[in-house]
Each structure stands twice: as structure tokens, then as C-alpha cells.
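What follows is a set of notes on a single structure, which appears directly below.
Only a predicted model underlies this, so the values are computations on that prediction, with no experimental measurement involved. Every number for a ligand or one of its atoms is a count from 1 in the order of the listing.
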Amino acid sequence: MNAPSRPHLPRGPYLLCDDSIRPELSLVDKAARLVAGGARVVQLRMKRTPVREALAAARQVVALCRQEGALCLVNDRVDLALLADAHGVHVGDEDLPAEDARALLGPGRLLGVTVRDGAGARAARAAGADYVGLGPVFPTATKQVPAPVLGLEAFAAVVRESPLPVVGIGGVGLGNIASVAAAGARCAAVVSDALLAADITERVRQLATAFEQGRSGA
Ligand SMILES: Cc1ncc(COP(=O)(O)OP(=O)(O)O)c(N)n1
Ligand SMILES: Cc1ncsc1CCOP(=O)(O)O
Ligand SMILES: [Mg+2]
């Protein structure tokens with residue numbers, strides 16, 4: 001029997017549906033607003049949600065994303081990704097090692113791995129990753145990241161040497177997403193700029209337009 005085909009990571013904004021920002025909105029509500037704006041990739045980042053609630057939210061958000069033709073990836077938790085039938089998972093240094101995450105996920109789901117440089121990207125590929133998350137590209141208040149801010153030039157240099165598609169993360173918003181796209185990133189991950197916007201749905205639309213302009217040099 002053929003192995004199930006793994007989804008392709010679509011180019012453009014990569015939206016994080018995070019439980020620590022705008023906690024007055026449910027994860028499902030946030031995901032619905034992101035997807036309504038045209039988000040094609042949603043990552044559920046649930047650092048504060050108790051695990052049973054997280055599983056229930058993941059099941060609902062995966063169903064919503066599938067209905068709208070978007071990918072849903074779960075941050076950190078391979079078990080939740082499998083139970084919710086998500087499209088994949090994103091892991092970093094504090095999560096399962098990439099090889100083990102891939103072994104559990106099987107060949108049919110996406111695996112993203114956080115890296116800090118080109119060597120990390122090569123190791124991620126050898127471990128079975130499909131894309132790498134690279135950052136912080138810019139300063140961010142959303143997470144205390146144990147790595148220096150890269151800046152655009154260093155970010156672009158790692159993109160050029162990466163054997164895998166790169167998702168830029170950290171401080172990305174409407175004011176700079178075009179520059180992340182112009183640097184060659186497959187995607188630009190956005191957390192607070194989208195979720196803190198007065199109109200989340202409209203902000204996602206604007207982010208997608210700006211990404212495309214950056215990519216085409218407009
Ligand atoms: C696309 C993307 N890139 C990087 C990260 C960061 O993952 P990690 O290093 O595991 O940190 P946490 O998000 O778990 O705090 C990401 N989530 N997504
Ligand atoms: C999870 C994570 N990993 C590196 S930066 C970051 C948070 C990015 O958040 P924001 O888009 O609000 O700067
Ligand atoms: Mg993690």
C-alpha cells in the first residue's frame with residue numbers, strides 16, 4: 001500500500017492560535033477568525049490549556065481547518081496532534097526530539113522543527129523534518145527566546161543555506177512581513193500582531209497581501 005501523501009506547507013502567513021494572547025476568546029473562536037481571513041496554516045499553541053481541554057480544542061480546530069482547506073499543526077504535542085488528526089506538529093528544543101516525533105507521526109503528517117542556524121536546518125532535515133522554524137527574526141514580547149535576535153540579514157543567510165523551507169518567527173507583523181517574504185521564507189509566523197488586532201480577520205487578509213507584495217518585490 002502507498003504511504004499517505006504528506007501535505008505541502010503553503011507559502012504565506014502562518015498564524016499561531018495561542019492561548020496566552022486574548023484569553024477572553026476561545027481557541028476555536030480565534031481559529032475561526034484566522035481562517036475567515038484566509039489563513040492557510042494555523043498552529044495551535046496551547047501552553048496554558050489543561051490537556052483534556054487542549055485535546056477538545058484541537059479536535060474542533062482541526063475540523064474547522066479541514067472544512068476550510070487550511071492546515072492545522074499542533075505545537076509541542078505529538079500525542080494531541082495524532083488524537084486530533086491534525087496535519088502535523090511543531091517541536092523545539094524542549095519537546096520530543098525530531099527523530100522521535102517523526103517516528104510517532106509517521107510519513108503522512110508534517111513535522112516542523114525550531115532551529116537557530118544552517119547546521120540546525122541540516123540536522124532537522126536528517127531527522128525527518130519538513131520545514132524549520134527560524135527566529136527570533138525581530139524582537140518579540142510574546143516569548144523569552146533563549147537565542148539572540150537574528151535580524152533580516154542573518155535570517156536571509158540561513159534561508160539561503162537551509163535545505164528545508166523556512167518559517168520566520170518572532171516579531172513579525174504587518175510592518176515587516178514583506179521583508180521576511182523578500183528574504184526567501186516559505187512562511188512568516190505571526191502571533192501577537194494578528195491576535196491583538198481589533199479585527200483579526202481583516203489583519204490576516206492584510207498580512208497575506210503584504211507577504212505576497214514582499215515576495216514579488218512590489
Ligand atoms: C513555526 C514555528 N517556529 C518556531 C516555533 C517555536 O517552537 P519552540 O522552540 O518549541 O517554542 P514554543 O513555541 O513551544 O514556545 C514555533 N512554535 N513555531
Ligand atoms: C513562539 C516563538 N518562538 C520564537 S519567537 C516566538 C513568539 C513570536 O510571537 P510574536 O509573533 O508575537 O512576536
Ligand atoms: Mg515547543
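Under a 4.0 Å heavy-atom criterion, Gly171 is in contact with ligand 2. Residue contacts with ligand 2 include Ile169, since one of its heavy atoms falls under 4.0 Å from the ligand.
Among all non-hydrogen protein atoms, the one lying nearest atom 5 (C) of ligand 1 is His90 NE2, 3.3 Å. In this structure, the protein non-hydrogen atom closest to atom 17 (N) of ligand 1 is Gln43 OE1, 3.1 Å.
Contacts between Glu94 and ligand 1 below 4.0 angstrom, taking non-hydrogen atoms only, are absent altogether. At a heavy-atom cutoff of 4.0 Å, ligand 1 is contacted by no atom of Leu134, backbone or side chain. Of all the heavy atoms of Val145, the ones lying under 4.0 Å from any atom of ligand 2 belong exclusively to the side chain.
Contact atoms of ligand 1 toward Asp76: 10 (O), 14 (O) (distance under 4.0 Å to a heavy atom of the residue). Close approach of ligand 2 to Thr142 is summarised as follows: ligand atoms under 4.0 Å from at least one heavy atom of the residue are 7 (C), 9 (O), 10 (P), 12 (O), 13 (O). Here is the list of ligand 1 atoms found below 4.0 Å of a heavy atom in Val167: 1 (C). The distance from ligand 1 to the heavy atoms of Ile169 drops below 4.0 Å at these ligand atoms: 2 (C), 3 (N), 4 (C), 5 (C), 16 (C), 18 (N). Interface atoms of ligand 2 facing Arg45, defined by a heavy-atom separation under 4.0 Å, are 1 (C). When each atom of ligand 1 is checked for a heavy atom of Tyr14 under 4.0 Å away, the hits are 1 (C). Listed by number with element, the atoms of ligand 1 under 4.0 Å from a non-hydrogen atom of Asp95 are 10 (O).
Closest approach of Ala98 to Leu111, counting heavy atoms only: O-CD2, 3.5 Å.
Between Asp193 and ligand 2, no pair of N/O atoms sits closer than 3.5 Å. Residue Ser192 has at least one nitrogen or oxygen atom sitting less than 3.5 Å from a nitrogen or oxygen atom of ligand 2, judged on distance alone. Looking at ligand 2, you won't find any N or O of Val190 less than 3.5 Å from one of its N or O atoms.
For Arg6, the CZ atom counts as densely surrounded, since its 6.0 Å shell holds more than 12 non-hydrogen atoms of other residues, nucleotides or ligands.
Among the heteroatoms counted here (N, O or S) of Asp76, OD1 is the one nearest to the Mg ion (ligand 3).
Put simply, Asp95 gets within reach of the Mg ion (ligand 3), with an N, O or S atom under 2.8 Å from it.
Here the shortest heavy-atom distance to atom 14 (O) of ligand 1, taken over Gln144, Lys143, Lys47, belongs to Lys47.
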